[in-house]
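Structure, as structure tokens:
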There are 2 protein chains.
Amino acid sequence: MSFRRALAPYIQHPETKIKSDLVFYDDKVTIIRDAFPKSRVHYLILPRDPSITRQSPLTVFDGEKGARLKAHLAPYVTMAKRLVICEMYNSVWGEAIQQTYPPEDDPQCKRYENYGEAFHSLVDEEHLDEYVLAGFHAVPSLENLHIHVLTGDFTSDRLKNRKHYNSFNTPFFINFEDLPFSPARLEAARRNGIDYQNAKAMEQIVKTTDLRCIHCGENFRGHFAQLMPHLRDEYDKRFTDAT
Amino acid sequence: MSFRRALAPYIQHPETKIKSDLVFYDDKVTIIRDAFPKSRVHYLILPRDPSITRQSPLTVFDGEKGARLKAHLAPYVTMAKRLVICEMYNSVWGEAIQQTYPPEDDPQCKRYENYGEAFHSLVDEEHLDEYVLAGFHAVPSLENLHIHVLTGDFTSDRLKNRKHYNSFNTPFFINFEDLPFSPARLEAARRNGIDYQNAKAMEQIVKTTDLRCIHCGENFRGHFAQLMPHLRDEYDKRFTDAT
DNA sequence: TATTCCGATAGTGAC
DNA sequence: GTCACTATCGGAATGAG
Ligand SMILES: Nc1ncnc2c1ncn2[C@@H]1O[C@H](COP(=O)(O)O)[C@@H](O)[C@H]1O
Ligand SMILES: Nc1ncnc2c1ncn2[C@@H]1O[C@H](COP(=O)(O)O)[C@@H](O)[C@H]1O
Ligand SMILES: [Zn+2]
Ligand SMILES: [Zn+2]
């Protein structure tokens, strides 16, 4: 089987998969941990419907059918983001507070809003909601439609090259919320030199765009090996030193 | 002592240098074998006059004084080219004819024109005169003025990267005959995107110009490792297989 | 722009 | 300029009965 179908088993037979990889599944989606996480927490949401799993993220939300699909998926995106925030919360403040999230009796974060002041004040203070990304790669390599949901630290040792970083921090990354792209939106992007219809060109963006720290804007150009420790510093400054 | 002055001993004390490096010297010039030859035969002509050895090839032939200098050097360039042709001749056809050039009683090739029909017919047939280059690097790294005189095969194992090759096969290489550059010539070059006054820009040319076989025009882009065996094939096709 | 391996290319500092 | 070191870049294979 080609590497491009590596995610297929997760939508076909999620029940057979290892529990540690599997975050959640029902008849509509499977949510897994990315096997090569590019940040501290990195999930993939896989819609299971065979009729949409081979479609492009650029067109799958077009039309009325697409709008319904987006509406159906939105709650899963919300759930995944909440779970990612919880994992982040646990790893940063978990030890101090003797409590892990989500609570055992709410594995899908349905009562997320009621996790209490202690939880939400820290989440709000650190803007964790904006710290979590949810979206698609403009040109996916794995063919089963998947939404990346991940933290914005990019300090994972699986993040190994410029393409990895830029695939989440350039227009190559398309926020779930921004889809579908209207013709006007596509035309505006094209005027900006970004042609979403041109896969080769989108790949060039990821390969050639300067490495720029998303936190402070510092430009590391092609120096990936220098960006990595800097991103760890940024993370420590924000979540380790401060606490 | 800085590496930039590596050639200085050859003009200051040529008599102390190893005989195998030293091709010729008198009170005006020293001619040596390049210590890192970029072709099968590669000489350097070093004018010994201390008042010109630090000058730039781009300006040293300017004015009346420069014209006189060029006229004084021209015979040495001719000699060096003849000696290079002789070495080339020996290595290609020497074994067959039981004779090496220059003859022992003419080490400076003064009677070159009289080397006979056998010699000159082969030299002419193979256009060896055009095969030998004589000129300067636009931005030399070693500070004592030196003229490169070398064969056009570029098959040496000292030729190790793109800059080496391009430094002899782009406008970075300036033929002795073409100097001095008139203001009009400089302006024409500038219109062609080549600014000889801008050292950084000239270095970029050498670093970024596509690797193109000078014999057949094939473009190897950045693939130095593929150009090398091709140049050996070109050499064999012209000088080994044919004979 | 899947990962992994590997080799070629490119940038740096010292001399 | 060379040399040694490191990092970046670039292609090929990846499965299978
Ligand atoms: N076998 C696998 N299981 C889970 N995730 C994977 C696997 N192979 C690759 N991935 C991840 O899937 C994502 C696919 O990327 P893309 O197709 O560019 O959206 C990447 O983030 C990979 O790390
Ligand atoms: N110590 C040396 N003795 C003789 N030739 C040298 C020495 N060091 C470098 N070279 C050659 O001198 C030339 C200087 O190149 P450039 O300054 O670019 O014209 C190159 O071809 C080198 O191979
Ligand atoms: Zn930063
Ligand atoms: Zn060729």
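Reckoned from all heavy atoms, side chains included, excluding hydrogens, waters and symmetry mates.
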* Asked: Rounding to the closest angstrom, what is the interatomic distance between D:dG17 and C:dA2 at atom C1'?
  -> 26 Å
Pick base, sugar-phosphate or nothing for [X], based on heavy-atom distances below 4.0 Å to the nucleic acid.
| X | answer |
| --- | --- |
| B:Phe3 | base |
| B:Arg4 | nothing |
| A:Lys200 | nothing |
| B:Arg158 | sugar-phosphate |
| A:Ala6 | nothing |

To the nearest Å, how far apart are [X] [atom1] and [N] [atom2]?
| X | N | atom1 | atom2 | result |
| --- | --- | --- | --- | --- |
| B:Leu159 | D:dT2 | CG | P | 10 Å |
| B:Leu211 | C:dA8 | CG | P | 15 Å |
| A:Asn166 | D:dT8 | CG | P | 13 Å |
| B:Phe224 | C:dA8 | CZ | P | 12 Å |
| A:Gln226 | D:dA7 | CD | P | 10 Å |
| B:Arg221 | C:dA10 | CZ | C1' | 17 Å |
| A:Asn161 | C:dT9 | CG | P | 20 Å |
| A:Ile32 | C:dA2 | CD1 | C1' | 12 Å |

* Would B:Arg33 and B:Asp21 pass as an ion pair if we require N to O under 4.0 Å? -> no
* Carboxylate-amine/guanidinium contact A:Glu218 A:Arg212, below 4.0 Å -> no
Under 4.0 angstrom between [X] side-chain N/O and [N] OP1 or OP2:
| X | N | result |
| --- | --- | --- |
| B:His164 | D:dT2 | yes |
| B:Lys160 | C:dT9 | no |
| B:Arg162 | C:dT9 | no |

* A:His42 and A:Phe168: ring-ring contact (aromatic ring centres under 6.0 Å, His included), yes or no, with the steps? -> CA-CA 12 Å; A:His42 187 173; A:Phe168 294 101; 5.5 Å; yes
* Between A:Phe176 and A:Phe61, what is the ring plane arrangement, given parallel below 30°, perpendicular above 60°, and tilted in between? -> perpendicular
* Kindly assign one of parallel, tilted or perpendicular to the pair B:Tyr131 and B:His215, based on the angle between their ring planes and the thresholds 30° and 60°. => parallel
* Flag yes if more than 12 heavy atoms outside A:Lys70 fall under 6.0 Å of its NZ atom; otherwise flag no. => yes
* Under 3.5 Å, is there a donor-acceptor pair linking the side chains of A:Thr155 and A:Arg40? -> yes
* Between A:His223 and A:Tyr165, just flag the one whose closest nucleotide in DNA chain C comes earlier from the 5' side. => A:Tyr165
* Structure fact -> Nearest-nucleotide check on DNA chain C, B:Ala225 vs A:Leu142; residue mapping nearer the 5' end is A:Leu142
* Proximity to the side chain of A:Ser141 - top-ranked nucleotide from C:dG11, C:dT9, C:dA2 -> C:dA2
* Asked: Out of D:dT8, D:dG10, D:dG1, which has the shortest distance to the side chain of B:Lys163?
  -> D:dG1
* What about the rings of B:Tyr165 and B:Phe224, do their centers lie closer together than 6.0 Å? -> no
* **Secondary-structure notation, DNA chain C, from Watson-Crick and G-U pairs under 3.5 angstrom (| other strand)** => .||||||||||||||
